[in-house]
Engineer: 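Before I ask anything, here is the structure I am working with.
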Amino acid sequence: MAGVVFALSSLLLLQTVSSCPKECSCDTHTKVVDCRGRGLYDIPRKLHQDTLELYLQNNHLRGLGSMSFRETPQLQILDLANNSITTLSPSALLGLRSLKVLSLANNSIREVDRRLLVSIRNLTILDLSFNTIGGLPGALADSFHILTHLSLQYNRLTKLDRIHLEALGNLKVLQLKGNPWRCDCHLIGLKLWLETFAFKVDSVTCVQPHLMLERDLRHIPYELFHSCMITSYSYLFANIHYLDNKHRMLSGQLHPSPRSPSGSDFSHSGEAVLPECEAKQRSRPVNYRHAIATVVITGVVCGIVCLMMLAAAVYGCAYAAINAKYQRELKMKAKESGLGEEQKNIDREEDK
C-alpha cells in the first residue's frame with residue numbers, strides 16, 4: 001500500500017514539474033510563471049492550467065494567434081510588455097474571463113480590434129502605452145465597466161471621443177500624454193470630460209493646429225473654439241447639457257445622502273466598517289469656469305442669432321424697397337407708352 005501511495009505522489013510531482021516550460025521558472029505555491037527575458041519567439045506551451053500570473057516581458061514575441069492562452073484559463077495577470085507584437089488575433093484572449101491586469105506596453109500595435117475586448121470584461125488595469133495606436137474601437141466603453149487604470153500614453157492618437165470614457169464609471173487613473181493631439185472641434189467633448197474628471201489624469205498637450213501648439217487642452221479658453229460653436233449648434237447645446245449633468249452629479253457626490261436610520265456600522269457581509277478607514281473620493285472645489293464658460297457660450301450663440309435676425313430684416317427691407325422701385329418704373333413706362341399711342345391716334349385723326 002505504501003508503495004502505491006509513493007508511486008502516485010511521485011507521479012503527481014512529476015506532472016507538476018513537467019507542466020512548467022523549460023524556458024520559464026514556476027512557483028507552484030503562488031501559481032506564478034516567470035518567462036521574462038528568455039528570448040522567446042512564441043508563447044510557451046505546457047503551462048499549468050491553474051496559472052494565475054504569467055510574465056512574458058522582454059522577449060521577441062511578434063503576434064498573438066487565436067486562443068493563445070487556452071492552457072491557462074484562470075489567468076489574472078498577463079504582462080506582454082517590451083516585445084515586438086504587431087498583430088493581435090481578435091480571439092487571442094478568448095477564454096480569459098478572470099483576467100484583471102493586461103499590459104501590452106512598448107510593442108508595435110497599430111490597432112485594437114473590438115472583438116479582442118469582448119472576452120476580457122473583468123479588466124481593472126489596461127496598459128497600451130508606447131505603441132502606434134491611431135484610434136480606439138467603440139467597444140472599449142462597452143467592455144470595461146470596472147476598469148480603474150487606463151494608459152494610452154505615447155501612441156498616435158489625434159482625437160478621443162467622449163463616448164469612450166463616459167461609460168468608465170470606475171476609472172481612477174488615465175494617462176494620455178505623448179500623443180499628437182489635434183485640438184480642433186473634435187476634441188471639445190474630451191475637454192469637457194477632462195474638466196469634470198475628479199481623479200488622476202496627465203496633460204493632453206496639443207500638437208495641432210499651430211495656434212495651440214504645446215498647450216494643455218484643459219487650459220485652452222473656450223473662446224478659441226468659437227468656430228466650432230458657430231458651425232454646430234446641436235453639438236454645442238449637447239455639451240452644455242453634459243456639463244450641467246456632470247455638475248449635478250458632482251454636487252450629489254460632495255453632499256451624500258444621510259446614513260440609513262439603522263445606524264449600523266456593518267456592511268451587508270457582516271464585516272465592520274471603520275469610518276476613518278473608508279476610501280473617500282477626492283473632494284473637488286466648485287469650478288466656476290464651467291459657469292462662466294456656459295454664460296459665454298450662451299452669449300455667443302444669442303449674439304449670432306440676433307445678428308442673423310438683423311441681417312434677415314435688412315435683407316427683407318432692401319428687397320421690398322427694390323421691388324417697389326421696380327414696380328414704379330414699370331408703371332411709368334406703361335403710362336408713357338399709353339400716352340404715346342394716344343398722341344399717334346390724334347395725329348392720324350388730324351391728317352384725315
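Only heavy atoms go into these numbers, but all of them, side chains included; no hydrogens, no water, no symmetry mates.
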Engineer: Any idea which heavy atoms bring Asp113 and Arg115 closest together, and the distance?
Structural biologist: OD1-N, 2.8 Å

Engineer: Report yes if some heavy atom in the side chain of Leu152 is under 4.5 Å from a heavy atom in the side chain of Leu136; otherwise report no.
Structural biologist: yes

Engineer: Walk me through it: do Leu52 and Gln74 pass the test side chain to side chain contact (heavy atoms under 4.5 Å, CB included)?
Structural biologist: CA-CA 6 Å; Leu52 298 179; Gln74 299 183 29; 4.3 Å; yes

Engineer: Which atoms form the tightest heavy-atom contact between Cys24 and Pro44, and what is the distance?
Structural biologist: SG-CG, 4.1 Å

Engineer: Can you tell me if Asn122 uses its side chain to pair, donor with acceptor, with the backbone of Ser98 under 3.5 Å?
Structural biologist: no

Engineer: How long is the straight-line distance from CZ of Arg182 back to OG1 of Thr158, given to the nearest 0.5 Å?
Structural biologist: 8.5 Å

Engineer: Are there more than 12 heavy atoms of other residues, nucleotides or ligands under 6.0 Å from atom CD of Glu111?
Structural biologist: no

Engineer: Under the 3.5 angstrom rule, does the side chain of Glu71 hit a backbone N or O of Leu47 as a donor-acceptor pair?
Structural biologist: yes

Engineer: Find out whether Cys26 and Pro21 are in side-chain contact, i.e. whether some heavy atom of one side chain is under 4.5 Å from a heavy atom of the other.
Structural biologist: yes

Engineer: Please enumerate all residues that pass side-chain contact (heavy atoms from CB on, under 4.5 Å) together with Tyr154, with sequence neighbours excluded.
Structural biologist: Phe130, Lys177

Engineer: Hey, quick one: are Ile77 and Ile125 part of the same hydrophobic cluster, counting side-chain heavy atoms closer than 4.5 Å, chains of contacts allowed?
Structural biologist: yes

Engineer: Apply side chain to side chain contact (heavy atoms under 4.5 Å, CB included) to the pair Leu123 and Val101, showing each step before the final yes or no.
Structural biologist: CA-CA 6 Å; Leu123 273 187; Val101 179; 5.6 Å; no

Engineer: Provide the closest heavy-atom pair for Ile43 versus Ser68 in the form atom of the first, atom of the second, distance.
Structural biologist: CG2-O, 4.0 Å

Engineer: Would a single hydrophobic cluster contain both Met67 and Leu78, if residues Ile, Leu, Val, Met, Phe, Trp and Tyr are joined by side-chain heavy-atom contacts under 4.5 Å?
Structural biologist: no

Engineer: Does Arg38, at its CZ atom, have more than 12 non-hydrogen atoms belonging to other residues, nucleotides or ligands within less than 6.0 Å?
Structural biologist: yes

Engineer: Flag the pair Val204 / Leu194 as yes when at least one side-chain heavy-atom distance between them is below 4.5 Å, and no otherwise.
Structural biologist: yes

Engineer: Could you give all pairs that pass the disulfide bond (SG atoms under 2.5 Å apart) test and reach residues 50-135, with sequence neighbours left out?
Structural biologist: none

Engineer: If I take atom CZ from residue Arg36 and atom CG from residue Asn59, how far apart are they, to the nearest 0.5 angstrom?
Structural biologist: 10.5 Å

Engineer: Find out if a path of hydrophobic residues (ILVMFWY) with successive side-chain heavy-atom gaps under 4.5 Å connects Leu168 to Leu102.
Structural biologist: yes

Engineer: When you compare the side chain of Leu40 with that of Leu56, does any pair of heavy atoms fall below 4.5 Å?
Structural biologist: yes

Engineer: Assess the side chains of Thr148 and Thr124: does a donor N or O sit below 3.5 Å from an acceptor N or O?
Structural biologist: no

Engineer: Would you give the length of the straight line joining atom CG of Leu160 to atom NE2 of His186, rounded to the nearest 0.5 angstrom?
Structural biologist: 13.0 Å

Engineer: Show the nearest heavy-atom pair for residues Ser203 and Arg218, with the distance to one decimal.
Structural biologist: CA-NH2, 3.6 Å

Engineer: For residues Asp27 and Val33, determine if any side-chain heavy atom of one lies less than 4.5 Å from a side-chain heavy atom of the other.
Structural biologist: no

Engineer: Would Cys35 and Leu54 count as a side chain to side chain contact (heavy atoms under 4.5 Å, CB included) here? Give the steps.
Structural biologist: CA-CA 8 Å; Cys35 306; Leu54 178 58; 4.3 Å; yes

Engineer: Are Met308 and Val300 grouped together when hydrophobic residues (ILVMFWY) are joined by side-chain heavy atoms under 4.5 angstrom apart?
Structural biologist: yes

Engineer: For the pair Asn179 (side chain) and Asn155 (backbone), establish whether a donor and an acceptor sit closer than 3.5 Å, ignoring hydrogens and angles.
Structural biologist: yes

Engineer: Below 4.5 Å, heavy atoms only, C-beta onward: do Leu80 and Tyr55 meet side chain to side chain?
Structural biologist: no

Engineer: Using modelled atom types and a 3.5 Å cut-off, is there a donor and acceptor pairing between side-chain atoms of Asn107 and backbone atoms of Ile85?
Structural biologist: yes

Engineer: Closer than 3.5 angstrom, by distance alone: can the side chain of Trp181 be matched with the main-chain N or O of Leu217 as a donor-acceptor pair?
Structural biologist: no

Engineer: Please check: side-chain N/O of Lys191 versus main-chain N/O of Ile220, any donor-acceptor pairing under 3.5 Å?
Structural biologist: yes

Engineer: With a 4.5 Å heavy-atom cut-off, do Leu165 and Leu190 have their side chains touching?
Structural biologist: yes

Engineer: Could you walk me through whether Asp127 and Leu104 satisfy the side chain to side chain contact (heavy atoms under 4.5 Å, CB included) test, starting with their C-alpha distance in whole Å, then the side-chain angles of each, then the deciding distance to 0.1 Å, before giving a yes or no?
Structural biologist: CA-CA 6 Å; Asp127 189 353; Leu104 289 164; over 6 Å; no

Engineer: If I compare all heavy atoms of Asn58 with all of Asn83, which pair ends up nearest, and what's the gap?
Structural biologist: N-ND2, 4.2 Å

Engineer: Have Asn106 and Asn82 got a donor and an acceptor in their side chains that come within less than 3.5 Å?
Structural biologist: yes

Engineer: Measuring from Leu94:CG to Leu116:CG, what's the distance to the nearest 0.5 Å?
Structural biologist: 10.0 Å

Engineer: With clusters defined by side-chain heavy atoms of hydrophobic residues (ILVMFWY) lying less than 4.5 Å apart, directly or transitively, does Val201 cluster with Trp193?
Structural biologist: yes

Engineer: Kindly indicate whether the side chain of Arg162, heavy atoms from C-beta on, has any atom under 4.5 Å from the side chain of Leu192.
Structural biologist: yes

Engineer: Could you tell me whether a side-chain N or O of Thr132 sits under 3.5 Å from a main-chain N or O of Ile109, the two making a donor and an acceptor?
Structural biologist: yes

Engineer: I need the Glu53 CD to Gln76 CD distance, nearest 0.5 Å.
Structural biologist: 7.5 Å

Engineer: Closest heavy-atom contact between Asn131 and Ala105?
Structural biologist: ND2-CA, 4.1 Å

Engineer: When you look at Asp79 and Gln57, which way does the side chain to side chain donor-acceptor pair (under 3.5 Å) test go after all the steps?
Structural biologist: CA-CA 6 Å; Asp79 197 330; Gln57 307 99 297; 3.0 Å; yes

Engineer: So, taking the atom named OG in Ser91 and the one named CZ in Arg70, what distance separates them when rounded to the nearest 0.5 Å?
Structural biologist: 10.0 Å

